[in-house]
Asker: 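Pasting a structure below so you can have a look.
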Amino acid sequence: MKHKLRREYTSQFYKGNRIPFSIALLIGLCTAALNLGITFLLQQMLDAVSGVPGALALPILGLLTAGIILLIIVFKQITYWTQPRFLQRAMQQYKDYAFEKLTGKSISAFRRENISGYLSGFSNDLNTIETDYLSAQFQVASYILEFVGALVMMLYYSPIMTVIATGFCTLPVLAAVLTGNRLEKVEKRVSERNAEFLATLQDALNGFPVMKSFKAEKEMAKIVGESNRQAEAAKCQKGKLSTILYMIGAVAAVTAQLGTFLVGCMMTRSGYPITPGELIAFIDLTGLFIEAIRELPVLLGKRKAALALVDKLAASLQENVQDTGMEIPAQLETAITVSDMSFSYEPEKPVLKHINCTFESGKSCAIVGASGCGKSTLLNILMGGHSYQGDITYDGAELRQINSKSLYDLVSIIQQNVFVFNASIRDNITMFKDFPKEQVDHAIQLSGLSQLIAEKGEHYLCGENGQNLSGGEKQRISIARSLLRSCHVLFVDEATAALDAETAHQVSSAILDLSDITRIVVTHNLDASLLRRYDQILAMKVGEIIESGTFEELMRRKGYFYSLYTVSQ
């Protein structure tokens, strides 16, 4: 299962990208073959100068040298065009696929997860994957060819010296392989520590006003500093391990080359039949052979560690995905029914208790109550934002069994806490989709955005999380955004809290004027002229529905709602 999931993600690197990959890989192998050819050319040159019979003539060697230089230039040019193109498309497709998987999660699933893990997966981890997996595979292929080619040529020149050379580097190579297996765990630890640091830093930045107002700068600096220290310590451990691997490889290279050269000199003096060119070529081949042995364990260890990061992101994206379930129509025919529904963030501490209510199709319902009584939580649950006990049905279909995409085709929400993207006002209203101009203009008018558009224009950049806008302006964008979707069910959570009284009344009235739409509105505004227009009012207290009815019915009862209304006047 793990390898099947890995293939699902690694296949994104090569989809429609195999031609530049194959060309870059082929050129890498040809370059490695040229390195072996240069060794042969060096051997022939030395033997020609030494007068060894059978060596190639100098003019031929000159032509071969020119040919090799020309091929190197051509190969480098081809690599310049193919390898970066492959990497660009590979990373783009991988990130796009991963983000598409991420957006397939439901709201409730995403809320249960740690966003810092995704931030690390789309930043630090991706750099490692690109360097240690994608780019490194060209090096791995080249080193394998150099290893095999050098070994074959060494055996051709002298089987005895080949045995001696491999004997010199057996133990260091074995140590490098064993050490390289530890790199996967270390790389995973680096990723985890980076994710923890990002989470701590994100908390500090989000809570910056609180930190400053309570003068907790030093305390927060200690917390961020400790997380930073752990992240850097993990990177240091990775650096140490990499240094050990390279040190072992360097020792192997020096030992093998000097030892082989020394033995070769002794064998030559003893009359062993080997020419000066062959001896130098053998030493050069030993260098290529040892370089491959030195680099391959490191590269393969890093490759394994990089694939572990692919597995990590894939596993995270695989969890809590609500991509199955029944499809429901994008129109509510009868009602949303809540039966004996309870919810709690912690065991033994219920937030909502035994909620029973019905929201009829096309009708409007206001939910009122003191702050913290569970009004917003109820809306989030109806949006599929939390797990719950009891039953919630849309036209008889249990909410737990409904496909999340299908649910979001039916319902839309205007929330109190608005997120605005760093894009134009129009893009934030349309959510980057295409709508007829008349439809957009109508949503702008209903939400009270006309004046802002007239002053700043619809292409005005909102800034990061809408920092260039006021709270009321951001709220109007959220309202226009939801109205534009024209979903058959509209949830409104304190949408007018940041607006002035006149605009708030205008927006609330516009929502009530919407026809054939089921409207469920959490409101703090107990304006009699508006409340009289609702088909139903639910009064909540400490997680329970205390009363329900029309405005006139509740006022006649002189119960909890009557008290809320009287105090607000």
Asker: Given 3.5 Å as the limit, does a donor-acceptor pair link the side chain of Thr200 with the main chain of Val224, or not?
Answerer: no
Asker: How far does OH of Tyr156 sit from OG1 of Thr162, to the nearest 0.5 angstrom?
Answerer: 13.0 Å
Asker: What is the minimum heavy-atom distance between Leu449 and Ala480, and which atoms define it?
Answerer: CD1-CB, 3.9 Å
Asker: Report the distance from atom CD1 of Ile413 to atom CE of Met383, rounding to the nearest 0.5 Å.
Answerer: 5.0 Å
Asker: For the CD atom of Gln44 and the CG atom of Leu58, what is their distance to the nearest 0.5 Å?
Answerer: 10.5 Å
Asker: Could you check whether the rings of Phe138 and Phe86 sit parallel, tilted or perpendicular, using 30° and 60° as the cut-offs?
Answerer: perpendicular
Asker: Counting only heavy atoms not in Leu461, do more than 12 fall under 6.0 Å of its CG?
Answerer: yes
Asker: Any heavy-atom pair between the side chains of Ile60 and Leu64 that's under 4.5 Å?
Answerer: yes
Asker: So, do Leu288 and Leu36 sit near enough that their side-chain heavy atoms are less than 4.5 Å apart?
Answerer: yes
Asker: In this structure, are over 12 heavy atoms from other groups packed under 6.0 Å from Gln88 atom CD?
Answerer: no
Asker: How far does CZ of Phe13 sit from CG of Leu87, to the nearest 0.5 angstrom?
Answerer: 10.0 Å
Asker: Would you say Ser158 and Phe282 make side-chain contact, with heavy atoms under 4.5 Å?
Answerer: yes
Asker: If you compare all heavy atoms of Gly121 against all heavy atoms of Leu313, which two are closest, and at what distance to 0.1 Å?
Answerer: O-CD2, 4.3 Å
Asker: Under a 4.0 Å N-O cut-off, is there an ion pair linking Glu192 with Arg189?
Answerer: no
Asker: Of all the heavy-atom pairs spanning Cys487 and Tyr408, show the shortest one and how long it is.
Answerer: SG-O, 4.2 Å
Asker: Mind checking side-chain hydrogen bond (donor to acceptor under 3.5 Å, both in side chains) for Glu146 and listing every partner two or more places apart, or none if nothing turns up?
Answerer: Asn35
Asker: Quick test of your reading of the model: are Lys405 and Asp409 salt-bridged, counting only N-O distances below 4.0 Å?
Answerer: no
Asker: Could you go step by step and tell me if Ile280 and Gln43 meet the side chain to side chain contact (heavy atoms under 4.5 Å, CB included) rule?
Answerer: CA-CA 7 Å; Ile280 296 300; Gln43 176 255 314; over 6 Å; no
Asker: When you measure from the side chain of Asp47 to the backbone N and O of Gly277, does any donor-acceptor pair fall under 3.5 Å?
Answerer: yes
Asker: Taking the side chain as every heavy atom from C-beta outward, state whether Phe40 and Met153 have any atom pair closer than 4.5 Å.
Answerer: yes
Asker: For Leu61 and Ala48, which heavy atoms make the closest approach, and how far apart are they?
Answerer: CD1-CB, 4.1 Å
Asker: Please examine the side chains of Ser406 and Leu410, heavy atoms only from C-beta on, and report whether any two atoms are closer than 4.5 Å.
Answerer: no
Asker: Any pair with a residue in residues 18-33 that passes side chain to side chain donor-acceptor pair (under 3.5 Å), sequence neighbours left out, goes on the list, sorted by first then second residue, please.
Answerer: none
Asker: Determine whether the aromatic ring centres of residues Phe99 and Tyr97 are separated by less than 6.0 angstrom.
Answerer: no
Asker: Do any pairs count as a salt bridge (charged side-chain N to carboxylate O under 4.0 Å, His left out) and have a residue in residues 115-136, sequence neighbours left out, and if so which ones?
Answerer: Asp125-Lys312
Asker: State whether the number of non-hydrogen atoms from other residues, nucleotides or ligands found under 6.0 Å of Gln467 atom CD is greater than 12.
Answerer: yes
Asker: Check whether Gln12 reaches the backbone of Glu8 with its side chain - one donor and one acceptor, N or O, closer than 3.5 Å.
Answerer: yes
Asker: Take atom NZ of Lys235 as the centre, draw a 6.0 Å sphere, and report whether it contains more than 12 heavy atoms from other residues, nucleotides or ligands.
Answerer: no
Asker: Can you check side chain to side chain contact (heavy atoms under 4.5 Å, CB included) on Tyr9 and Lys101, steps first, answer last?
Answerer: CA-CA 10 Å; Tyr9 282 81; Lys101 285 289 186 180; 3.5 Å; yes
Asker: Working to the nearest 0.5 angstrom, can you tell me the gap between Leu29 CG and Phe75 CZ?
Answerer: 10.5 Å
Asker: Please lay out, stage by stage, how Leu452 and Tyr460 fare under the test side chain to side chain contact (heavy atoms under 4.5 Å, CB included).
Answerer: CA-CA 10 Å; Leu452 177 64; Tyr460 178 75; 5.8 Å; no
Asker: Considering all heavy atoms of both residues, which atom of Asn17 and which atom of Ala90 are nearest to each other, and what is their separation?
Answerer: ND2-N, 3.5 Å
Asker: Not counting sequence neighbours, list each pair that qualifies as a side chain to side chain donor-acceptor pair (under 3.5 Å) and has a residue in residues 73-86.
Answerer: none
Asker: Begin from the C-alpha positions of Met161 and Met154 and carry the test side chain to side chain contact (heavy atoms under 4.5 Å, CB included) through to its verdict.
Answerer: CA-CA 8 Å; Met161 289 187 63; Met154 287 164 64; over 6 Å; no
Asker: Please answer whether the main-chain N or O of Gly16 pairs with a side-chain N or O of Arg89 as donor and acceptor at a distance below 3.5 Å.
Answerer: yes
Asker: Any side-chain heavy-atom pair from Ser316 and Tyr118 closer than 4.5 angstrom?
Answerer: yes
Asker: Any side-chain heavy-atom pair from Thr430 and Asp434 closer than 4.5 angstrom?
Answerer: no
Asker: Side chains of Asn380 and Phe491, heavy atoms from C-beta outward: is any pair under 4.5 Å?
Answerer: no
Asker: At what distance, to the nearest 0.5 angstrom, does CE of Met431 lie from OG of Ser482?
Answerer: 10.0 Å
Asker: Backbone N or O of Asn428 within a donor-acceptor pair of the Arg481 side chain at under 3.5 Å?
Answerer: yes
Asker: Could you tell me which non-hydrogen atom of Ala234 sits nearest to which non-hydrogen atom of Val186, and how far apart they are?
Answerer: O-CG1, 4.4 Å
Asker: Mark yes or no for whether Tyr157, through its side chain, and Val152, through its backbone, hold a donor-acceptor pair below 3.5 Å.
Answerer: no
Asker: Could you tell me which residues satisfy side-chain hydrogen bond (donor to acceptor under 3.5 Å, both in side chains) with Lys433, sequence neighbours excluded, listed by chain and number?
Answerer: none
Asker: Run the numbers on Tyr14 and Gln93 for side-chain hydrogen bond (donor to acceptor under 3.5 Å, both in side chains), then give the verdict.
Answerer: CA-CA 9 Å; Tyr14 307 99; Gln93 292 180 165; over 6 Å; no
Asker: Would you call Lys238-Glu232 a salt bridge at under 4.0 Å N-O?
Answerer: no
Asker: Sorted by first residue and then second, give each salt bridge (charged side-chain N to carboxylate O under 4.0 Å, His left out) pair with at least one member in residues 423-432; sequence neighbours left out.
Answerer: Arg426-Glu458
